[in-house]
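For clarity, every value in this text was computed on a predicted model and none was experimentally measured.
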Amino acid sequence: MDMAGRVRGGQMMPPWLWLWLVGDLAVLIPAEISYGSYLITLLTGHGDISPQVTAGTSYKLLLLFTIVAGLTCGALAVGVIATMFPPLRGRWVERRYPAGDWDAPEATAGGGAASDWAALVRSRLAQMQEFVDQHDPSIRLRAVAGGDQLAGIYPVGWRAARIAVFTPLIPLWDQDRAAAQAILLHEVAVRRHGDQFVVGLASPLVRLLRIWVPVFILLTVAPLIIYVALGSGQLTQAVSGRGAQLLLQPAALLILPVAALWLAELNADQVTARILGAGALRDALAITRESRLNRSLGLLSRPPRRLRLRYAAPRRAGTFAVLAAWPVALIVQLLVIIAGALIAYLLVSQSPHDIGTNVLAGTHEFLGSDRILIIGAIVLLLCWPVLARPWGRLWSSAPDPDLDPDLDPERRQAWRSYLAAAVVPVALLALSLAPLPAAYARPAVSLADCSRLAAWQDGPGYADKVGAETDIGKLMEARDPADGQSAFNQLIAITAAALQNPPPGTARDGYIAAMSDFRTAGRRLGSDQVPAALAAIQSGITADQKATALLTSQEKKCRAS
């Protein structure tokens, strides 16, 4: 990049895919597994909510969303782990796409069309190999018989890669040499950046994303449609609290890998355009058109064609935009999480001050948990002009002429755009380290508070809570007057005891509201006021969920203190 901001050669962007891979394995996947196992325990009746309450349809729907979100995390984990075995992927690719034996006697005998085609393939493949050798002589080309693709890179080891050349690229080499070269150079740029382990031909991560996202939509949208069609009036209960967060959690999980995959494609495009020109890249993109369905699913792994063309031509603003895109993706992920949290807080009728406190505290907690990714982004942006050349040498022993300042002194990397882009993650790091304002900080728990909570949980208080939840269920399921009267008597007695012994701390108000609503519901059921009773039950369950969440939060703080 020269001092005017024009990138003249080399890999411009840091390896965001690798930062995501390391962060996913070290931070994100363990955290999601821990949170998912906690939710499954809670929603199956083995936590703070009694089994009689979690047996309802709403809780089963929440459990489904939890499992689906966990499977999303699992799909990402499998895709990440699969990148650690490049030789296995290489063998699978070469079995899936066998090479044509263009030197076999049956391919050359007779002097007919088959012989002419075999000779053409060998000749054009040699020319393509010569072109690729100019940029990375360690990459070998492999002609594949048939196929509707053009070319695709794949690893066969940690420092070895091949490009599969499919049949349609052979005539294109003669028809539009610049476009064919752009297609090959794009694959070379992917490999020189170390991204071939994640993207390229038969990428496990990309395949899993394309399969899982439609399945996720089906598994989440279909139950909601069925639930609404059945006429249930308790949909708010199903999506309140954790429900809204669970529905948006997979979307938040996908933001970082999709952003990293997009940036890997944009990086390869920019290298191609800088060497061959934007016109060659434009022609190559025009040739590689896909069906509408493949184009839609393809957005999971590569940006839209217009965006690729826009950022292929180097501009100062465009350079800053793509360099800052990864830290901005962290902000977008945070906004999605905040959106889910806001929906949840509004559905459980939290006060504006409580919503503000929880959102700010949650934002601070999110930035703290992602601090390793934020610091990694700062280090990469500040050091990448120096690290770009040794990073390329990790994957190939052949020198990269586009990164060698001795071959072209004008292609030295400048620091200005990297410093400007680093402002974004530096600001995020500062926010994660800054203390929250006292008015919005979550109140700390004292040893006395924790002792009172433990005494309430170990004593009759928690038992009364579980008993009230159980008795309201029994009253609703009563099949004859005798059973109904017995459940009513038990509910009135236990809610009276529960109201005399509410839990300490922030859960107190929600707990009192829940027990009062259960008590009101029992009385209205006893007088055959069924609609009013159902409304009171729904209100009571919502308040009970809020109180349970606050109790769980208090317990976590006590364990951490």
Side-chain angles (χ1 to χ4, degrees), residues 27-28 31-40 42-43 47-49 58-59 61-70 72-73 216 220-221 224 235-256 328-371 373-374 428 431-432 434-437 439-445 505-507 509-510 541-557 560:
V27 179
L28 300 179
E32 292 299 330
I33 290 175
S34 175
Y35 182 64
S37 62
Y38 160 73
L39 285 181
I40 290 174
L42 186 74
L43 296 173
D48 295 332
I49 305 177
S58 299
Y59 277 96
L61 200 59
L62 288 178
L63 180 60
L64 173 63
F65 294 157
T66 302
I67 294 172
V68 170
T72 303
C73 182
F216 165 76
T220 53
V221 174
L224 281 175
L235 182 60
T236 301
Q237 175 188 341
V239 297
S240 64
R242 295 184 181 89
Q245 294 170 301
L246 289 172
L247 285 172
L248 289 175
Q249 183 185 4
L253 283 174
L254 291 175
I255 288 172
L256 292 184
V328 170
L330 289 171
I331 298 175
V332 174
Q333 185 184 49
L334 173 61
L335 293 176
V336 172
I337 294 173
I338 289 176
L342 282 175
I343 295 171
Y345 297 146
L346 290 172
L347 288 174
V348 296
S349 303
Q350 283 199 0
S351 67
H353 180 270
D354 288 342
I355 291 176
T357 300
N358 288 327
V359 167
L360 283 180
T363 299
H364 196 265
E365 183 178 347
F366 170 84
L367 293 175
S369 64
D370 273 4
R371 197 171 291 152
L373 294 177
I374 296 171
L428 293 177
L431 288 174
S432 74
L436 285 172
Y440 288 95
R442 285 175 175 167
V445 291
T506 56
D509 292 343
I541 289 175
T542 301
D544 191 44
Q545 286 179 332
K546 179 179 178 181
T548 300
L550 291 173
L551 284 170
T552 303
S553 175
Q554 287 178 262
E555 186 180 0
K556 283 184 177 180
K557 290 179 182 178

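With rounding to the nearest 0.5 angstrom, the CD1 atom of Ile337 is 7.5 Å from the CD1 atom of Ile255. Taking CZ from Phe366 and CG from Leu335, the interatomic distance works out to 9.0 Å, rounded to the nearest 0.5 Å.
Across all their heavy atoms, Gly368 and Ser432 have their closest contact at N-CB, 4.1 Å. Pairing each heavy atom of Leu431 with each of His364, the nearest pair is O-CD2, 3.5 Å.
For Thr363, the side chain to side chain contact (heavy atoms under 4.5 Å, CB included) partners at least two apart in sequence or on another chain are Leu334, Ile338, Val359, Leu367.
Put simply, the side chain of Leu428 does not reach to within 4.5 Å of the side chain of Asp370, judged on heavy atoms.
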